[in-house]
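Notes for the one structure printed next.
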Amino acid sequence: MKKTIFATMLLAVTMTATATDYDQNKPFGFCTVSSRTDASSTYDITGGGCYTYPIPDDFTGTVKVLKSTGEDMKGTIQNAIKQNNVVILDGADGDFIVSSNIGITSSNKTIIGINNARIRTQWYVTDEIKAALDAAGVPSMSTSGGGGTLPNGKSVSEEAEYNTRRIIIEMTGDNNENYRNAGIFSLSGCQNIIIRNLTLQGPGSIDVGGADLISSVNGAKNCWVDHCAFLDGMDGNFDITQKSDFNTVSWCTFSYTSRSYMHQNTNLIGSSDSETTGYLNTTFAFNWWGTGCKQRMPMARVGKIHMLNNYFSCSGSSNCINPRKNSEFLIEGNYFDKGVKRFYKSDNAKAVTWASSNYHVENNSLGNLDSFGTTVTVPYDYTVAPNSDVPTAVMEHAGATLNYGESTGITSPTSAIIRQSSAIYNLAGQKVNESYKGVVIKNGKKVVQ
């Protein structure tokens with residue numbers, strides 16, 4: 001297939017690459033198709049009708065702008081997503097705090113962050129919890145056998161998870177283990193979702209079988225997650241399972257801070273060897289796996305996974321790219337930096353195409369880098385950027401780095417209208433005529449002007 005999408009990349013190799021050379025600022029990859037093999041089977045992914053900021057003047061959908069209240073905003077954010085086409089999370093008043101996963105079950109939605117918008121979980125792993133786990137010797141316990149019955153009557157099959165959950169229950173008194181739901185977004189059964197320019201911080205990775213920062217489950221498909229920063233997911237940073245399909249993850253960063261304790265397994269595609277075949281097709285392009293990432297970058301089953309121009313600086317990792325049962329991987333133009341010695345291992349994969357365009361400073365200590373099986377292809381056009389450009393472009397521009405010019409465009413309403421350029425929106429986020437002044441409060445009553 002002729003590779004043409006990155007048309008702006010035809011620059012001299014001697015020039016310094018920037019994101020503008022490679023970032024199309026529009027959906028690409030598997031999120032733009034509806035077949036794993038047929039290039040003519042395209043899908044027009046628009047989210048809620050737009051995916052940039054400021055919102056275009058000709059946009060006719062509903063827009064909701066939110067700022068932090070400093071309290072739990074799970075319900076507020078979830079309702080805004082349910083009731084509007086586009087939700088703008090404005091970080092000007094601080095972090096958005098959520099008590100548990102925000103469920104997204106409706107299709108055709110866009111969520112955009114501005115003014116350094118960050119969403120973080122209310123619950124997090126404290127130093128006291130980590131000290132108690134250390135004292136019990138949890139890090140040396142088995143993660144595949146052992147276990148027991150928790151004080152709340154639930155049975156756990158793994159020794160490390162059992163003791164971690166037991167200790168947290170005893171310390172917090174949370175017999176319902178509500179803390180295990182400390183994630184950000186759960187995309188379930190929806191289609192055509194766009195999430196951009198957000199920082200998402202979890203409670204710290206810990207072995208309790210808990211929530212991910214973002215999970216895509218129950219057939220969620222044609223989703224584009226772009227220019228987001230993922231930190232400290234409890235179970236994973238971004239996992240895609242349960243027949244989810246045709247998703248693209250681009251220009252995102254994945255890392256862990258001192259909040260995290262163990263189980264720094266960042267991206268899982270397919271939760272078990274019994275995953276239904278034919279799904280989980282995913283593009284990872286221009287992402288950065290950095291500080292603290294240990295494994296699953298990604299680990300994948302069943303799907304066709306395209307690893308394009310990603311950057312790995314996760315020194316000390318135990319396994320980065322891990323094709324597993326029934327998966328197919330096309331791995332091109334990726335850069336594995338110094339100290340990343342364990343960056344690829346295949347286990348019962350169907351096929352892997354390891355391109356000569358990949359670059360690694362260290363030799364892989366986990367085995368050969370040979371291709372096997374039928375050559376893996378993807379049903380969309382693209383161009384592989386030179387691997388020498390990847391570290392500079394990705395380190396500078398991946399994450400929540402989009403500059404939307406937040407001093408212009410839609411702002412949070414202080415009265416009854418929202419202005420954007422010459423357009424006016426009412427509190428429902430609907431565009432109205434210039435003569436319409438919105439709703440004001442007079443003598444305790446709503447008055448339309």
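The chain is numbered in sequence order, starting from 1. Just so it is clear, the values below take in all heavy atoms, side chains as well, and ignore hydrogens, waters and symmetry mates.
Within the 4.5 Å cutoff, the side chain of Leu66 has heavy atoms near those of the Thr76 side chain.
Counting non-hydrogen atoms of other residues, nucleotides and ligands closer than 6.0 Å to NZ of Lys130 gives a total above 12.
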What verdict does the salt bridge (charged side-chain N to carboxylate O under 4.0 Å, His left out) test give for Glu275 and Lys243, after you've listed the backbone C-alpha separation in whole Å, the side-chain angles of each residue and the deciding distance to 0.1 Å? CA-CA 8 Å; Glu275 284 271 0; Lys243 295 186 180 180; over 6 Å; no

side-chain contact (heavy atoms from CB on, under 4.5 Å) evaluation trace for Phe230 with Ile214: CA-CA 9 Å; Phe230 293 79; Ile214 297 182; 3.7 Å; yes

How far apart are the C-alpha atoms of Phe343 and Ile321, what are their side-chain angles, what is the distance that settles it, and do they pass the side-chain contact (heavy atoms from CB on, under 4.5 Å) test? CA-CA 6 Å; Phe343 54 85; Ile321 300 176; over 6 Å; no

Full working for side-chain contact (heavy atoms from CB on, under 4.5 Å) between Asn310 and Trp289: CA-CA 8 Å; Asn310 299 289; Trp289 282 274; 3.7 Å; yes

Derivation of the side-chain contact (heavy atoms from CB on, under 4.5 Å) call for Val63 and Asn84: CA-CA 6 Å; Val63 182; Asn84 295 275; 6.0 Å; no

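Residues Ile269 and Ile305 share a closest heavy-atom pair of CG2-CD1, 4.0 Å. For Glu161 against Arg180, the heavy-atom pair with the smallest separation is OE2-NH2, 4.4 Å.
Tested against Trp251, the residues Phe28, Phe286, Trp288, Phe284 include a single ring-ring contact (aromatic ring centres under 6.0 Å, His included) partner, Phe286. Between Asp226 and the options Cys31, Ser250, Pro27, a side-chain contact (heavy atoms from CB on, under 4.5 Å) holds for only Ser250. With Asp207 as the fixed residue, the side-chain contact (heavy atoms from CB on, under 4.5 Å) test singles out one of Glu159, Arg165, His263, Met234: His263. Under the salt bridge (Lys or Arg N to Asp or Glu O under 4.0 Å) test applied with Arg301, the options Asp273, Asp347, Asp239 reduce to a single match, Asp273.
Salt bridge status for Glu362 with Arg342: absent, with no side-chain N to carboxylate O gap under 4.0 Å. Here Arg118 pairs with Asp95 in a salt bridge; the nearest charged N to carboxylate O distance falls below 4.0 Å.
With sequence neighbours left out, Asp38 forms a side chain to side chain contact (heavy atoms under 4.5 Å, CB included) with Ser35, Ser40, Ser41.
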Result block: side-chain N/O donor-acceptor pairs under 3.5 angstrom for residues 42-52, not counting sequence neighbours:
| unit_1 | atom_1 | unit_2 | atom_2 | d |
| --- | --- | --- | --- | --- |
| Thr46 | OG1 | Asn192 | ND2 | 3.3 |

